[in-house]
4 protein chains.
Amino acid sequence: MAAMSTTKAKSDSISAATEASRVPQQGRSRASYERMLTAAEKLMVKRGNDDFTLTEVAKAGKVSIGSIYLRFDSKDDLIRAVHGRVLTQIGEEQDAMMQQIRQNASTLDEFARQFVEAYAELLKRFSPVLRPIMFRAIYDQSMSALGKNSAENLVREAEAQMMRFADEFGRPDHERLVGNVFRMIYYTLARFLGLGSSPEAANQGNWEELKEDLAIMCPAFLRAKG
Amino acid sequence: MAAMSTTKAKSDSISAATEASRVPQQGRSRASYERMLTAAEKLMVKRGNDDFTLTEVAKAGKVSIGSIYLRFDSKDDLIRAVHGRVLTQIGEEQDAMMQQIRQNASTLDEFARQFVEAYAELLKRFSPVLRPIMFRAIYDQSMSALGKNSAENLVREAEAQMMRFADEFGRPDHERLVGNVFRMIYYTLARFLGLGSSPEAANQGNWEELKEDLAIMCPAFLRAKG
Amino acid sequence: MAAMSTTKAKSDSISAATEASRVPQQGRSRASYERMLTAAEKLMVKRGNDDFTLTEVAKAGKVSIGSIYLRFDSKDDLIRAVHGRVLTQIGEEQDAMMQQIRQNASTLDEFARQFVEAYAELLKRFSPVLRPIMFRAIYDQSMSALGKNSAENLVREAEAQMMRFADEFGRPDHERLVGNVFRMIYYTLARFLGLGSSPEAANQGNWEELKEDLAIMCPAFLRAKG
Amino acid sequence: MAAMSTTKAKSDSISAATEASRVPQQGRSRASYERMLTAAEKLMVKRGNDDFTLTEVAKAGKVSIGSIYLRFDSKDDLIRAVHGRVLTQIGEEQDAMMQQIRQNASTLDEFARQFVEAYAELLKRFSPVLRPIMFRAIYDQSMSALGKNSAENLVREAEAQMMRFADEFGRPDHERLVGNVFRMIYYTLARFLGLGSSPEAANQGNWEELKEDLAIMCPAFLRAKG
DNA sequence: TATGAATGAGTATTCATTCAT
DNA sequence: GATGAATGAATACTCATTCAT
């Protein structure tokens, strides 16, 4: 009935995780290293949480348990490494996504629509992997605490984009406005997708309508006089 | 490293939980029953999840392990009973809250401000207990699946309140609008408070400002022409 | 996975059991005493062994656990009392049976046929109750160790009956012959009925044929010259 | 006070048991595997049933509890493996025994005498181990249900031997005759040795005389005209 | 006498981590 | 480096027995 790990969850972060794991550069070693991560990730997705055994990882990844401990100090470290890898991947996609949007959106409404749509689908696509990660709440944490984390980049970039239309905003303290509207969008989408909750809890209501409404809410809020 | 229970989480509900526990009516028995629940609840709050042992509950509640099993069929049942007790309490407060608001708010903006403020504070107040509950995702589930659950009442009541101002809405399909705006508010608040995430993840940004902005977002969204 | 009791099986006997239980003579008390025994007996038969809880006995017999401990020093004592009651009943039927046979059988072959048939059916009739008793092996023990036990009477009586035809015996040491032939009959029947074994193990082969063959074996053996 | 296992005794068989255990082939591993089985067997013999704890096995076998679970899926599996090992050993001895007898016995009387003597002593020798096995009733079950089981071989072989003298039989349906006489012999011996009963119950009467009488009974019964 | 709530020692099983090879 | 067998602490759950009322 452990919620996190049996070992008390140390205040972990991506960087710590990265340091903890000894990433081999060599070909063969590298390959088995990847197999561990992939096996662990698959198990996480399948289970929806961290509830897998290292024996399972070893078997699925065709690695020995000893090998795992050669790369990672603990099961926690392995999990963190998986998180890191996933988040990096998401970060890259987010970057590409924002670049797309930057070029295509010339009005606040257009930006909102495109951003919500693209981000929503990105989150949805990653939701199976994100769920177990959120379950462990690393994402949020890294999202703000880690400057190097690309999730942070998204926030900055999205906010920067919105700032282009700052003259349309209905109230002062623009930083706050974009910060909060981003939260509203992200939190609503994340929650809807059941990230951090059990799968069953997710998807109540209509996904397409929700996206549409968030896209409408965004400029409406930013322009609101208060 | 179990995320939920070792036993597959049966489709549980508050009512089931209540039935599963054998609540004694007598004084002495009743007292020890309460001590169990309270001890378990405290442990849940302290840990932020279900990760406590029955031995801990027994010790903290000054009850024997056997006594726990006299009232509950399993650890899961105990947890569900705790959830039930908390949710009942929350439900009552929510009802009282909505009654207050119904009487005081005469405009959409007033309603939004009062509702967001009151609901936000209510969630915040209960957030330490709600976190472990959300972790188990019962809340969300019951929120929609159980008609008798008062969480459901809140949604209905809040939506009904907003409907009073439906003529101000900027778009048709009012049901959808109020449903989604409620989601935006609830999800944003819940996420902000770290419900369903680890405690550390919570409280990023400015709480007071977030509440204010949600109160502004609500009518702005509802009135938006799209 | 306890085979006997959790408490090491003391060398128990019917008499000990009888002493251990405090049989009330009064009406009301007596009634609840009987209910205990009956409930326990039913559970034993249903389970095929001693694997029932006192709570079950209490519930089934509409007695309180405390009441049970008022009559018996332990669960073991209760079990022994049940055994005693059953064995007494069997003993009475055995006596009646032997009396019947004594009057009807005038030849060794007739005696053998009648005795085997009657005894076999008696054992079969009681086999559901005897199984859990045999499982605990009190029967055998009492059968030889306790003079007052009526099971012992059966042996004596059966042997006495056979002795009437001692002049037909093929070998000397008649005591031994009748003792052993009785064993062969009883052991074979008991085993066949699965007494002391699991129910599944029983009834392999043909019951009617077995009885017939035992009836033939008996005089054949006694008359055999060796 | 469980008579068998707490878990309902699944319809187990020797082969299933063998499959369930993961027998290591390597030296060191093999050694600890043997220690487990031997420790468990000793405890079974000492207790007369399955009522031992895995902690006891671990301590006695100088193995860790985890190691046991590395080889066996459950305590039940361990028990079955012990049974399997014993029954295999018995089977081999039985085969050798029958081979001996086949060569030496040229008359029905000779066969009976030799068979009873040899089989009785074999059962006696194994009685301490057989008792707990019988207690679980696997023996009997496998004896008929499992063709591959060597216990079955014994029955077939013994019956085949007796069939050699079928022309001396006093009645038709020779299959039935040899089947039943085998039962009489086996059941009587088994019961005498207290197999399936408690140790205390055993050995009432004179072992040597019983063997002798069974040896006489056998041909007498087979030749009996009925 | 009678009750039945309370007790807590006892047991099978899991799994992260270690370490001999 | 690599392996995977071995370890044992930890944990949910049972049930005979006690004892306050």
Side-chain angles (χ1 to χ4, degrees), chain A residues 1-2 5-7 24 26 28-29 32 51-59 63-76 78, chain B residues 1-2 5-7 22 24 26 28-29 32-33 51-58 62-76 78, chain C residues 1-2 5-7 24 26 28-29 32 51-59 63-76 78, chain D residues 1-2 5-7 22 24 26 28-29 32-33 51-58 62-76 78:
Chain A
M1 227 152 207
S5 184
T6 44
T7 44
Q26 308 265 343
R28 184 194 286 282
S29 271
S32 83
D51 203 358
F52 58 82
T53 72
L54 289 188
T55 309
E56 287 172 318
V57 175
K59 186 182 285 185
V63 205
S64 69
I65 291 198
S67 276
I68 298 176
Y69 275 88
L70 228 46
R71 313 293 187 203
F72 306 97
D73 288 337
S74 66
K75 185 185 170 184
D76 265 30
L78 168 60
Chain B
M1 226 155 203
S5 183
T6 44
T7 43
R22 292 167 281 281
Q26 308 266 343
R28 185 193 292 278
S29 269
S32 84
Y33 176 81
D51 201 2
F52 57 83
T53 72
L54 289 187
T55 309
E56 288 172 319
V57 175
K62 294 183 192 313
V63 203
S64 71
I65 294 210
S67 276
I68 298 176
Y69 277 91
L70 219 52
R71 316 293 185 201
F72 306 98
D73 287 337
S74 64
K75 185 184 169 185
D76 262 33
L78 169 60
Chain C
M1 226 153 207
S5 183
T6 44
T7 42
Q26 309 264 342
R28 186 193 285 282
S29 271
S32 83
D51 202 359
F52 57 82
T53 71
L54 289 188
T55 309
E56 288 172 317
V57 176
K59 186 182 285 184
V63 204
S64 70
I65 292 198
S67 275
I68 298 176
Y69 275 89
L70 228 47
R71 314 290 188 205
F72 306 97
D73 288 336
S74 65
K75 184 185 170 185
D76 265 30
L78 168 60
Chain D
M1 228 154 200
S5 183
T6 44
T7 42
R22 292 166 282 281
Q26 308 267 341
R28 186 192 291 278
S29 269
S32 83
Y33 176 82
D51 201 2
F52 57 83
T53 72
L54 290 187
T55 309
E56 288 172 319
V57 176
K62 294 185 192 310
V63 204
S64 70
I65 294 211
S67 276
I68 298 176
Y69 277 90
L70 220 53
R71 316 292 185 203
F72 305 98
D73 286 337
S74 64
K75 185 184 168 184
D76 262 32
L78 169 60

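Heavy atoms only: backbone and side chains are in, while hydrogens, waters and symmetry mates are out. Here is the naming used below: chain letters follow the sequence lines, and residue numbers restart at 1 for every chain. Fair warning: this is a prediction, and the values are worked out from it, not measured in the lab.
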Do any side-chain nitrogens or oxygens of [X] fall under 4.0 Å of OP1 or OP2 in [N]?
X	N	value
D/Ser64	F/dT7	yes
A/Ser67	F/dA2	no
C/Ser74	F/dA16	no
C/Arg71	E/dA2	yes
B/Tyr69	F/dT14	no

Checklist outcome for this item: Residue pair D/Thr55/A/Thr55 against DNA chain E: nearer the 5' end by closest nucleotide is D/Thr55

Considering only side-chain heavy atoms of [X], which listed nucleotide, [options], is closest?
X	options	answer
B/Lys75	F/dA12, F/dT7, E/dA16	F/dA12
A/Leu54	E/dA16, E/dA5, F/dC13	E/dA16
C/Thr53	E/dA2, F/dC15, F/dT11	F/dC15

Atom-to-atom span, [atom1] of [X] to [atom2] of [N] - whole angstrom:
X	N	atom1	atom2	answer
B/Asp76	F/dA12	CG	P	11 Å
D/Ile65	F/dA5	CD1	C1'	16 Å
A/Phe72	E/dC15	CZ	P	20 Å
D/Ile68	F/dA5	CD1	C1'	14 Å
C/Leu78	F/dA16	CG	P	10 Å
D/Leu70	F/dG8	CG	P	14 Å
B/Asp51	F/dA10	CG	P	13 Å

Item to check | Non-hydrogen side-chain atoms of B/Val63 and B/Val57 separated by less than 4.5 Å | outcome: no

Checklist entry - Mind checking whether B/Arg22 and B/Tyr33 have side chains closer than 4.5 Å, heavy atoms only? => result no

Checklist outcome for this item: Comparing B/Gly66 with D/Val63, nearest DNA chain F nucleotide closer to 5' gives the residue D/Val63

Next on the checklist: Need one value for D/Ser32: base, sugar-phosphate or nothing, where a base atom within 4.0 Å counts as base even if backbone is also close, heavy atoms only.
Outcome noted: sugar-phosphate

Item to check | Test item: C/Lys75 side-chain N/O and C/Phe52 main-chain N/O as donor-acceptor pair under 3.5 Å | outcome: yes

Checklist outcome for this item: The reported gap from OG1 in B/Thr53 to CD1 in B/Ile65 (rounded to nearest 0.5 angstrom) is 7.5 Å

Checklist entry - Closest approach of D/Ser64 and D/Ala58, non-hydrogen atoms and distance? => result C-CB, 4.2 Å

Next on the checklist: Counting only Watson-Crick pairs (N1-N3 plus N6-O4 or O6-N4) and G-U wobbles (N1-O2, O6-N3), all under 3.5 Å, who is the partner of E/dA20?
Outcome noted: F/dT3

